[in-house]
Amino acid sequence: MLPESSTGCSFEDCQDTADWLLSQTAVRPLVGIVCGSGLGGLADVLKDQEAFNYKDIPNFPQSTVHGHAGRLVFGTFKDRTCVCMQGRFHLYEGYPVQKITMPMRLFKLLGVETVILTNAAGGLNQDYEVGDIMIIKDHLNIPGFAGNNPLVGPNDERFGVRFPCMSDAYDRELQQLALDVGSELGYSDFLREGVYCVLGGPSFETIAECRMLNKLGADAVGMSTAHEVIVARHCGMRVFALSLITNKVVSDYNSEKKANHEEVLQTGKQRAEQMERLVSTIITRIGHNNNLA
Ligand SMILES: O=P(O)(O)O[C@H]1O[C@H](CO)[C@@H](O)[C@H]1O
């Protein structure tokens with residue numbers, strides 16, 4: 001059986017889901033947002049909200065992780081129309097990688113042009129502090145090294161080409177815009193630019209793994225985002241992504257510290273306001289057809 005037909009992620013499945021949503025709401029979103037662990041409050045910046053529980057959306061996966069509410073929220077910010085995933089899906093939840101990235105194809109079919117992804121991540125870079133916000137400039141897709149890439153399987157040209165380029169995955173103009181907005185908001189002291197590394201999870205990294213990832217050039221590590229970015233780029237959407245450094249990884253055998261999800265959610269709460277202001281200000285500067293306002 002073809003992977004796409006077995007997971008409900010074919011073009012027709014995604015189109016059915018898009019048609020259903022478009023029949024339920026008058027909002028025609030141009031910006032798609034994905035909230036990372038503990039960052040679901042980002043959806044609250046949207047006005048005139050219309051929200052759908054994931055369980056009520058045809059073909060849609062369910063959120064199983066604490067800190068991911070499981071709601072798709074449509075609304076506007078200033079005059080920008082948005083759709084926001086309050087909760088994402090991860091490999092470790094047991095979904096095939098095609099299923100966890102299906103919402104990106106749905107975004108495309110809803111008319112989204114720009115995707116803004118956020119995540120919680122562990123800081124590998126020794127200069128990073130908890131609470132830093134990292135503009136993702138590139139990624140290391142470790143599951144992809146082992147063949148677990150969301151584009152594996154028959155390619156549907158209606159979404160994109162068989163061999164999409166990824167050297168331009170993270171839009172450089174949007175990165176610059178984020179730096180400018182961050183500076184205007186007085187965030188420069190905790191705004192970074194770096195490389196995000198995705199692992200399968202759900203176990204946190206060993207000390208040896210952290211040391212290796214840092215040597216490989218990763219600044220932050222998490223269990224999401226890169227798969228979504230690949231699928232979003234495959235179908236031609238512009239991508240911008242932020243990591244909130246919620247914890248410093250343990251890379252010293254003398255350390256007593258232990259990575260844990262509670263700390264991740266706690267840091268999310270502490271930086272929620274700045275994350276929301278940064279993202280919402282960036283959204284106000286994104287024009288139609290991918291132009292910057
Ligand atoms: O990437 P998001 O969804 O923000 O979540 C991050 O936080 C969780 C670990 O605490 C993992 O799911 C990791 O990927």
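Numbering of ligands and ligand atoms starts at 1, following listing order.
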Item checked: Arg105 to Phe11 six-membered ring, cation-pi geometry met (6.0 Å, 45°) -> no

What are the polar N/O contacts of ligand 1 with the protein below 3.5 Å, with distances?
{"residue": "ligand 1", "atom": "1 (O)", "partner": "Ser224", "partner atom": "OG", "Å": "2.5"}
{"residue": "ligand 1", "atom": "3 (O)", "partner": "His68", "partner atom": "NE2", "Å": "3.4"}
{"residue": "ligand 1", "atom": "3 (O)", "partner": "Arg88", "partner atom": "NH1", "Å": "3.1"}
{"residue": "ligand 1", "atom": "3 (O)", "partner": "His90", "partner atom": "NE2", "Å": "2.7"}
{"residue": "ligand 1", "atom": "4 (O)", "partner": "Ser37", "partner atom": "N", "Å": "2.7"}
{"residue": "ligand 1", "atom": "4 (O)", "partner": "Ala120", "partner atom": "N", "Å": "2.8"}
{"residue": "ligand 1", "atom": "5 (O)", "partner": "Ser37", "partner atom": "OG", "Å": "2.7"}
{"residue": "ligand 1", "atom": "7 (O)", "partner": "Ser37", "partner atom": "OG", "Å": "3.1"}
{"residue": "ligand 1", "atom": "10 (O)", "partner": "His261", "partner atom": "ND1", "Å": "2.6"}
{"residue": "ligand 1", "atom": "12 (O)", "partner": "His90", "partner atom": "NE2", "Å": "3.3"}
{"residue": "ligand 1", "atom": "12 (O)", "partner": "Tyr92", "partner atom": "OH", "Å": "2.6"}
{"residue": "ligand 1", "atom": "14 (O)", "partner": "Met223", "partner atom": "N", "Å": "3.0"}

Notebook entry, point to check: Would Thr225 and Arg88 count as having a side-chain donor-acceptor pair, cut-off 3.5 Å?
Noted result: yes

Note to self: Do Gln15 and Asp19 pair up side chain to side chain, a donor and an acceptor below 3.5 Å, judged on atom types alone?
What the structure shows: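 Side-chain D/A pair, Gln15 to Asp19: present.
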
Check: Ring centres of Phe52 and Phe74 under 6.0 Å apart?
Finding: yes

Item checked: Pairwise side-chain hydrogen bond (donor to acceptor under 3.5 Å, both in side chains) hits with a residue in residues 130-146, at least two apart -> Asp132-Arg192, His139-Tyr170

Margin query: Between Glu113 and Leu30 (side chain of the first, backbone of the second, donor and acceptor by atom type, cut-off under 3.5 Å), is there such a pair?
Written below: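 No, because the side chain of Glu113 does not come within donor-acceptor range (under 3.5 Å) of the backbone of Leu30.
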
